[in-house]
Amino acid sequence: METSLFDVAAQKLERHTGFSQLEARGTLRIALKIAGLTAKSVTAGELCVVFEKVMPDELEKRGVSDAAVACSAVIDDLVNSPTLPDMASSTPLDDVFSRRGGN
Amino acid sequence: MEDSGYLIGVLAGISCFIAGTRLIRLSWRSQKSPELLLGSSLLLWGLAYVCWQIPIEMDNPLTQPLFFAGRVFTHAGTIFFAYFIWIVFCDQARWARYLVYTIAICLFAGVAGSISVGDWEGIRPLSNRWWWLDWTAGVVATSWVGVEGFIQYPKARQRMRLGLCDPLVCNRYLLWGIVGVVWTVYSGVLLHQTAEFETYQVWSITMDRANGVVEAIGVTLVWLIFFPPRFYQRWVCGADPQLKAAES
């Protein structure tokens, strides 16, 4: 089964925080929800922003020390990953509506 | 029909036609289906307005066929619109696909049933039960886009705060939500107007004006979505307090 971007990000989070798989996936879903994103359609760029701006607070609430360091490590892994899966195949909704207007 | 109501109907038709044409041209360049679907629906609704408005203003022996054509164009546009909502807002979810099929079936059945009882134009809601089938399907489609717009708007605001969504794009979700409300209200006004016509055999001035007001609001919203004037763009991009706080 093809690994999604969400799966890869959750695995990285799991590795850098010591979370269980369930904890990592759950925390990531919550962070995405706070950011107004969904696991199915999130892009790599959006994930990096989530880990930069939203995830540190979420990790601190869950007692992770050096949350910022963990998030930076995940971002580095995502950016440098040679096997990063393609972005979600469905067109991001914002992209559709940015084409929509009289721009 | 009162002149102002007629004029607004003409403007609404022209607006839909222009917006639809531009979107279809955009789809040729972008090779994307959402543009084609939405453009097609607006184009068909524009044609429907033409068909509805011609007989109203002039004594026209083609009133019945033009009204029927208007009805067909309206429903065809609604099907394209429902399809657009499905693939854009609902990410091709299965339940939404079945809703699109249901809307299409109800529209076809409503027209077919109306023809069977002699109401080709769809102007006898009190005596033609089939009228309610396609009217309801239309209301479902227009209210659906409103619901989806209002669901997506707060999420878009969250993305906007993180710099992941352009303020104008975020505003468009809100406008789609409001459009859904306005078009649903329009369906209600149309119901009242059509029932009144069937009873008194005259298009009342009061209902014409009500119809005109709702159409004017709908036309304005369509223009703000597709052709936002510069002052509106500046207002949307400059008014967001979150953006201002982030910049300061």
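Here the structure is a predicted model, which means the values were calculated and not measured. Each chain gets a letter, A, B and so on, in the order the sequences are listed, and its residues count up from 1. The basis for the numbers below is simple: all heavy atoms, side chains too, and nothing from hydrogens, waters or symmetry mates.
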With a 6.0 Å cut-off (strictly less than), is the heavy-atom count around [atom1] of [X], excluding the residue itself, greater than 12?
X: B:Tyr173; atom1: OH; value: yes
X: B:Phe108; atom1: CZ; value: no
X: B:Phe89; atom1: CZ; value: yes
X: B:Arg25; atom1: CZ; value: no

> When rounded to the nearest 0.5 angstrom, what distance separates CD1 in A:Ile34 from CG in B:Leu162?
Replying inline: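 Here the rounded value is 10.0 Å.
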
>> So, taking the atom named CZ in B:Arg161 and the one named NZ in A:Lys53, what distance separates them when rounded to the nearest 0.5 Å?
In response: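 It comes to 13.0 Å.
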
> What option among B:Gln158, B:Gln152, B:Lys155 has the most heavy-atom pairs under 4.5 Å with chain A?
Replying inline: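 Winner by heavy-atom pair count: B:Gln158.
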
> Is there any residue in residues 12-27 of chain A with a non-hydrogen atom under 4.5 Å from a non-hydrogen atom of chain B, and which ones are they?
Replying inline: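 At a heavy-atom separation under 4.5 Å, chain B is reached by no residue of residues 12-27 of chain A.
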
